[in-house]
Amino acid sequence: MKFPKPLENSNSLLAKYLTKAVFEQLKDKKTTNNFTLKDVIKSGVKNLDSGIGAYAGDEETYTIFATLLDKIIEEYHDFKKEDLQQSNLNTDDLFAPNPDAEGNYIISTRIRVARNIKGIPLGTIISKKQRNEIEKQVSTILKSLKGELAGKYYALNNMRKEEKEALISNHFLFQSGDRFLEAAGLNRDWPNGRGIFHNNDKTFLLWINEEDHLRIISMQQGGDIKEVFVRLVKAIEKMQQKIDFAYHKHLGYITTCPTNLGTAMRASVHIKLPNLGKNKEIFQDIAKKYNVQIRGIDGEHSKSKGSIYDISNKRRLGISEVQCVQDMYRGVIALIKKEKELERN
Ligand code: ADP
Ligand code: ILO
């Protein structure tokens, strides 16, 4: 394997940290599941506009390719290798009264965590058989849920086109054909083994075999962040009782993308900010100061529509779940304050 020259035209963290020396050191290494450097970097080499550009194949990827991945992780999460990951899912510790009780800005709130099953390769190299086994195992557990979390599993395979499109456009279901995931090998055998579970109100959802084995999601209209967090914690606990998830004392929950390590949590609101949308520099400065990320409303790499943005915690590692939500909460408070100020001018 030769040094990937195209990376010289990329601003990704992969391009920044895959120096010739690091490349030489790692180029012949592989994990027990045969995940190679080529596999780690192929999405970033194919998609030169990647922000990160690297994916893992298994837990071991993070140790075998640590010379490269530690740098990416350190910069993305502002996390030092020696730091320990600490989980805190105690809902009493979260201070997040609705930042927009009148409902003028926040459209909806969503919090998700990613989880992968211990000992099974990640989606980048999982076999069709293993993927199907996960689908069977997880959907069976989901069937036993009671009360608010009770619902139904829909396999992507059997879903009608209109049904699928409605779930996607209402922000409940992942899209197919993401080119970053495609290049990483995550879309192999699509749509086999993938699907979505949701309760009646679509406030608790669980994706199977998208980028990670599981994505556990709580969402609802409006800005009651705490209610969304409480429901999510309940769902995580239920799943944890039945499944052993891959967890590392420094890296936290093991995920396919290094940006999701740690808590694997992304807490977001869809929020209408027309004035900040016209003042991008101020918008970006506040986002940076409060460690929040701005996305469009149809998922990552999408554009804003009708001045609605997706605002979420950027860091997921080195801070607890409560702190992730707290980061998003503080960022949202600051953004609403600035939006109101700009409205008056
Ligand atoms: P991830 O699943 O990693 O959190 P994406 O950016 O791909 O990230 O989002 C997945 C889906 O969730 C998209 O359809 C997106 O619009 C939707 N979504 C994210 N945040 C919210 C929110 N606060 N309210 C409603 N939908 C949301
Ligand atoms: N590989 C893409 C996405 C990185 C973060 N997002 C997700 C979905 N993991 C990139 O490098 O821009």
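If you read the sequence from its start, that first residue is 1, and numbering goes on from there. Whatever order the structure lists ligands and atoms in, that order sets their numbers, starting from 1.
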Atom 7 (C) of ligand 2: which protein heavy atom is closest, and how many Å away? E300 OE1, 3.2 Å
So does N192 get a backbone contact from the side chain of R194, meaning a donor-acceptor N/O pair under 3.5 Å? yes
Under the rule for side chain to side chain donor-acceptor pair (under 3.5 Å), what residues qualify as partners of T67, not counting sequence neighbours? Q25
Among protein heavy atoms, which lies nearest atom 1 (N) of ligand 2, and at what distance? Y55 OH, 2.7 Å
How far is atom 10 (C) of ligand 2 from its nearest protein heavy atom, and which residue and atom name does that atom have? G51 N, 3.4 Å
Within 45° of the axis and under 6.0 Å from the centre of the six-membered ring of Y105, does NZ or CZ of K272 qualify? no
Could you tell me whether the side chain of H250 and the main chain of D83 form a donor-acceptor pair under 3.5 Å? yes
Is it true that E339 and N275 share a donor-acceptor pair across their side chains at a distance under 3.5 Å? yes
When only distance counts, is G53 in polar contact with ligand 2, meaning an N/O pair under 3.5 Å? yes
Give the numbers and elements of all ligand 2 atoms closer than 4.0 Å to a heavy atom of C257. 4 (C), 5 (C), 9 (N)
What do you reckon, does H301 have a nitrogen or oxygen under 3.5 Å from a nitrogen or oxygen of ligand 2? yes
Hydrophobic cluster identity match, L273 and Y290, side-chain contacts under 4.5 Å: yes
Can you see whether N260 engages R316 through a side-chain donor-acceptor pair at a distance of less than 3.5 angstrom? yes
Can you sort out which atoms of ligand 2 are near E211, meaning under 4.0 Å from one of its heavy atoms? 7 (C), 8 (C), 9 (N)
Ligand 2 versus S50, non-hydrogen atoms closer than 4.0 Å: side chain, backbone, both, neither? both
Determine, step by step, whether K118 and E59 satisfy the salt bridge (charged side-chain N to carboxylate O under 4.0 Å, His left out) criterion, reporting the C-alpha distance in whole Å, the side-chain angles of both residues, the deciding distance to 0.1 Å, and the verdict. CA-CA 9 Å; K118 199 171 169 178; E59 182 164 344; over 6 Å; no
Considering the options D327, D310, D212, which one meets the salt bridge (Lys or Arg N to Asp or Glu O under 4.0 Å) requirement together with R266? D310
List ligand 2 atoms under 4.0 Å from T259, heavy atoms only on the residue side. 5 (C), 9 (N)
Please work out whether the ring planes of H198 and Y154 are parallel, tilted or perpendicular, with thresholds of 30° and 60°. parallel
Measuring from each atom of ligand 1, which residues have a heavy atom under 4.0 Å away? S108, T109, R110, R112, H171, W207, R215, M219, R266, S268, V269, H270, R295, I297, D298, G299, E300, D310
Proximity of I52 to ligand 2 by residue part, where a heavy atom lies under 4.0 Å: both
Does the plane of the ring in Y253 sit parallel, tilted or perpendicular to the ring in F245? Use 30° and 60° as the thresholds. perpendicular
